[in-house]
Amino acid sequence: MHTPPQAVPAPDSSPRCHDGMPQHAAPLLDDGVFSPERVKAEREQAYFNDLYLLAPVAYFVLGLDGVILQVNLVAAELFGLPRERPGHVLFRAYVHEAFRHDYEQFVQRVLNSSEPERIQLQVRLHPGAREAGLPVSLLGSADPNGQALRLVLEQAEGKLAALERSEERFRRIVHSAEEGIWEIDAQALTSFVNPKMAQMLGCQIEDMLGQPLAAFMDDEGRAILERNIARRQDGIAERHEFKFLRRDGSTLWATLATNPIFDSGGTYLGALALVSDITVQRAASERIWRQANFDQLTGLPNRHMFLDRLQHEAHHARREGACLALLFIDLDHFKQVNDRLGHEKGDMLLRQAALRISERVRATDTVARLGGDEFTVILAGVGQLGGIERVLQELTAALALPFMLDGDTVQVSASVGVALYPADAEAPDALLRHADQAMYAAKSAGRNGYSYFTPALQQAAEVRRNTVRELRLALAQDQFEVHYQPIIRLRDGAIERAEALLRWRHPLRGLLLPADFIAFAEANGLIIDIGEWVFRQVVRQARQWQDEHGAAFQISINKSAVEFCCDAALYQDWGGHLARQGLAPGAIIIETTEAVLLDEARQVVDRLRQFRAMGLALALDDFGRGQVSLACLKTADIDFLKIDRSLVGELGRDDAGQSLCMALIALAQRLGLKVVAEGVETASQRDLLRAAGCDYAQGYFFSRALPAGQMDRLLAAQPAA
């Protein structure tokens, strides 16, 4: 086995004083800021500190208060100090009492001198012990930045004895060190390794000697090594992270602090490296980095990584004068899958969707998951719209195919918004916002498709934001009103029911109908608060009209699909409120649409049962326009069926329309349902409906929706039942 190196040459190219201590003189700028030379000198000094670890003499770094900050291997072994964290220990505590005054004066000389100072004194290896002092020689110098004191301690004994003792101690320390020590010659062949280094690589020492350092590295490490060898031959100390390959093929990540070795004539002899295993720290850092930048469910880049790549791609496109397309993808009806099958199956669908999207774009494109069921794709370097169209068509087709979810088959689709750089926006955040707006346009157009961003979409987005803000204000300032449209009993023309219809008295735009604002309220969750306000108003009005016009009077309220899917706790007090007002069961009717009945989500089913348990009646609005079956009506326990105005409008025009309307009325009544015809506008339609046996009707032929005061006068004017 090779003997370890006998001494460690200076690990930097700084000027040397006559005693061999490193000396740095890096100038400060006029304003006290470190100059580039100062920064470089301090970086090299840090390398020096690491490599001086191996010196065969005791080496200390002290703070200005005399506390030991750093020791090398020899000093740690000699004084029994932990090398990594010596603790709050004063070097003065080791100085023999008889020499402490001399030591204090020595420290002052060192701090006030640009040259190293030397002193002979005695130290005790154990502070406070009564052992005899050990004669030593201290060589001290001030740190270049004036923040530390460096001491080299040598035992004051015969040079041969000191050398033998030093070599023996050094050999023992090197072979038992917790760091790897690796020496290479001028040809980068291994001339010495300590047992720890061989253990780190899973090799025998004899198997490593004579082998090139590059033989233990991968291609990336070899490339870095070649550059570093050239720099070391110029006398530059280096510190780098390398990936080594252990004998069993596993990876060892290590930090190498290397220092060139020269002979007295300045010829490069090789280098000495201190090697620290950082495999665990590296793995932890990579794990943290991956968690911060990648979606844990799909493995795709997350929002943070996506925004970084979008910034990079936009910068590249600007520099090259190229274009890019940003696709914003939202899965249609994904929430129903989650609600019906559970989040585990929903996660399976998201993973499969991520794979389908990734397979339809190039490897150079970026696919990311922003959260929930939202994905984005950055198509870089697109030259023409034809290429984007092809990707869009393939994406929407792939996501519309059935998903197999561990025994369950579900089908969703995707709405995709497209924004182009730089045509639609140059700032990445604006580009993302525009793609998002285009996606909402695709949803509004019927879903399962894509839409490009246009200035009109931008204006629509501004309207949407302003409307939502004004809706919040309207709720706080009581700008909403409830109007009531009479529902006529066809057999005698009596009014014993009404439909409550929301109106917004906007301070600038006048009286607005639900079509002008309900969609905005639904998209932002405000519909829940608005619906609660409407319910309270209608219950109060129903109580008043029952007192004045008979206990049979009923009022119906429209409920959107969003309100059926919300938390049951939001309706917890409705039953109690009805009871406190003394309303009989069925006084309030909840109207919903076919889409709600066809939705099998657990929240929808629970909400229907909850309303029933409170004594609320249920009505199906716009019947005849969709695909709901009569069997579904019976299962949902519906009380009223409202025939859509489109069917009523066909009455009197042809026999087919009239026959269909009559058949629906007959079938509904056989199921025990009361039938209401909507949109009646002529006396002919009224008469045909009455002849067909329809129970109730409403429409402009009878009355438009009226404010509560006008409705009250209309009810008071009709003959008493």
Side-chain angles (χ1 to χ4, degrees), residues 219-220 223-224 227 289-290 292-295 298-331 353-371 374-399 414-445 448-465:
D219 293 339
E220 181 183 357
I224 298 175
R227 294 195 299 269
W289 178 83
R290 186 160 190 84
N293 291 282
F294 286 86
D295 175 50
T298 63
L300 296 175
N302 61 11
R303 178 181 288 271
H304 179 268
M305 174 66 83
F306 159 74
L307 292 174
D308 183 70
R309 290 192 180 176
L310 182 59
Q311 180 85 32
H312 172 77
E313 293 293 351
H315 178 74
H316 179 75
R318 181 167 58 252
R319 187 175 63 248
E320 301 295 327
C323 300
L324 68 83
L326 176 60
L327 314 185
F328 197 111
I329 305 169
D330 186 271
L331 300 182
L355 182 61
R356 293 186 188 184
I357 296 171
S358 300
E359 289 174 344
R360 267 91 188 157
V361 299
R362 301 165 299 181
T364 54
D365 297 326
T366 296
V367 179
R369 180 186 176 216
L370 299 191
E374 294 180 341
F375 297 85
T376 54
V377 179
I378 304 173
L379 300 177
V382 291
Q384 52 188 357
L385 289 179
I388 303 174
E389 287 284 323
R390 178 189 57 78
V391 173
L392 289 168
Q393 291 169 8
E394 290 185 3
L395 277 176
T396 51
L399 293 172
S415 298
V416 186
V418 187
L420 304 177
Y421 174 94
D424 294 330
E426 294 191 12
D429 57 343
L431 195 68
L432 177 62
R433 189 166 61 250
H434 292 175
D436 185 23
Q437 292 164 6
M439 180 273 292
Y440 275 107
K443 280 194 178 295
S444 300
N448 192 24
Y450 54 87
S451 175
Y452 289 89
F453 174 78
T454 64
L457 287 177
Q458 172 69 13
Q459 294 172 6
E462 291 295 332
V463 169
R464 185 162 60 243
R465 282 193 292 271

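Note that the structure is a prediction, hence the values are computed from the model and not measured.
Atoms OG1 and CZ, from Thr366 and Arg309 in turn, are 4.5 Å apart once rounded to the nearest 0.5 Å. To the nearest 0.5 Å, the span separating CD1 on Ile357 from CD on Glu394 amounts to 13.0 Å. Atom CG of residue Asn293 and atom CG of residue Leu300 lie 13.0 Å apart, to the nearest 0.5 angstrom. Note: Leu310 CG to Arg303 CZ = 11.5 Å, rounded to the nearest 0.5 Å. For the atom pair CZ (Arg290) and CG (Asp295), the distance works out to 10.0 Å, reported to the nearest 0.5 Å. Distance CZ/Arg318 to SG/Cys323: 13.0 Å, rounded to 0.5 Å.
Here the closest non-hydrogen pair linking Lys443 and Ser415 is CG-OG, 3.2 Å. Of all non-hydrogen atoms in Ala317 and Tyr421, the two that sit nearest each other are CB-CE2, 3.8 Å. Ala322 approaches Pro422 most closely through the heavy-atom pair O-CD, 4.2 Å. In terms of heavy atoms, Leu327 sits closest to Leu395 at CD1-CD1, 3.7 Å.
Using a 4.5 Å cut-off on side-chain heavy atoms (C-beta onward), Leu431 and Phe453 make no contact. At a threshold of 4.5 Å between non-hydrogen side-chain atoms, the residues Leu432 and Leu307 count as touching. Side-chain contact between Val391 and Tyr450: absent, with no pair of heavy atoms (C-beta onward) separated by less than 4.5 Å. Contact annotation: the side chain of Val418 approaches that of Leu420 to within less than 4.5 Å [non-hydrogen atoms, C-beta and beyond]. Side-chain contact between Leu331 and Phe375 is present, with at least one heavy-atom pair separated by less than 4.5 Å. Between Leu326 and Phe306 there is a side-chain heavy-atom pair separated by less than 4.5 Å.
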Criterion side-chain contact (heavy atoms from CB on, under 4.5 Å) on Phe328 and Gln437, from CA distance to verdict:
CA-CA 9 Å; Phe328 197 111; Gln437 292 164 6; over 6 Å; no
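Without hydrogens or angle criteria, Asn302 side chain to Met305 main chain gives a donor-acceptor distance under 3.5 Å. Checking side-chain atoms of Arg362 against main-chain N and O of Ala380 turns up a donor-acceptor pair under 3.5 Å. Under the 3.5 Å distance criterion, the side-chain polar atoms of His434 are matched with a main-chain donor or acceptor of Asp424. In terms of modelled atom types and a separation under 3.5 Å, the side chain of Arg356 and the main chain of Ala398 share a donor-acceptor contact.
Annotation: side-chain hydrogen bond (donor to acceptor under 3.5 Å, both in side chains) contacts of His312 (sequence neighbours excluded): none. For the ring pair (Phe, Tyr, Trp, His ring centres under 6.0 Å) test, no residue two or more places apart in sequence or in another chain qualifies with Tyr440.
Between Ile329 and the options Leu399, Thr376, Leu370, a side chain to side chain contact (heavy atoms under 4.5 Å, CB included) holds for only Leu399.
Atom CD of Gln311 has 12 or fewer heavy atoms from other residues, nucleotides or ligands within 6.0 Å.
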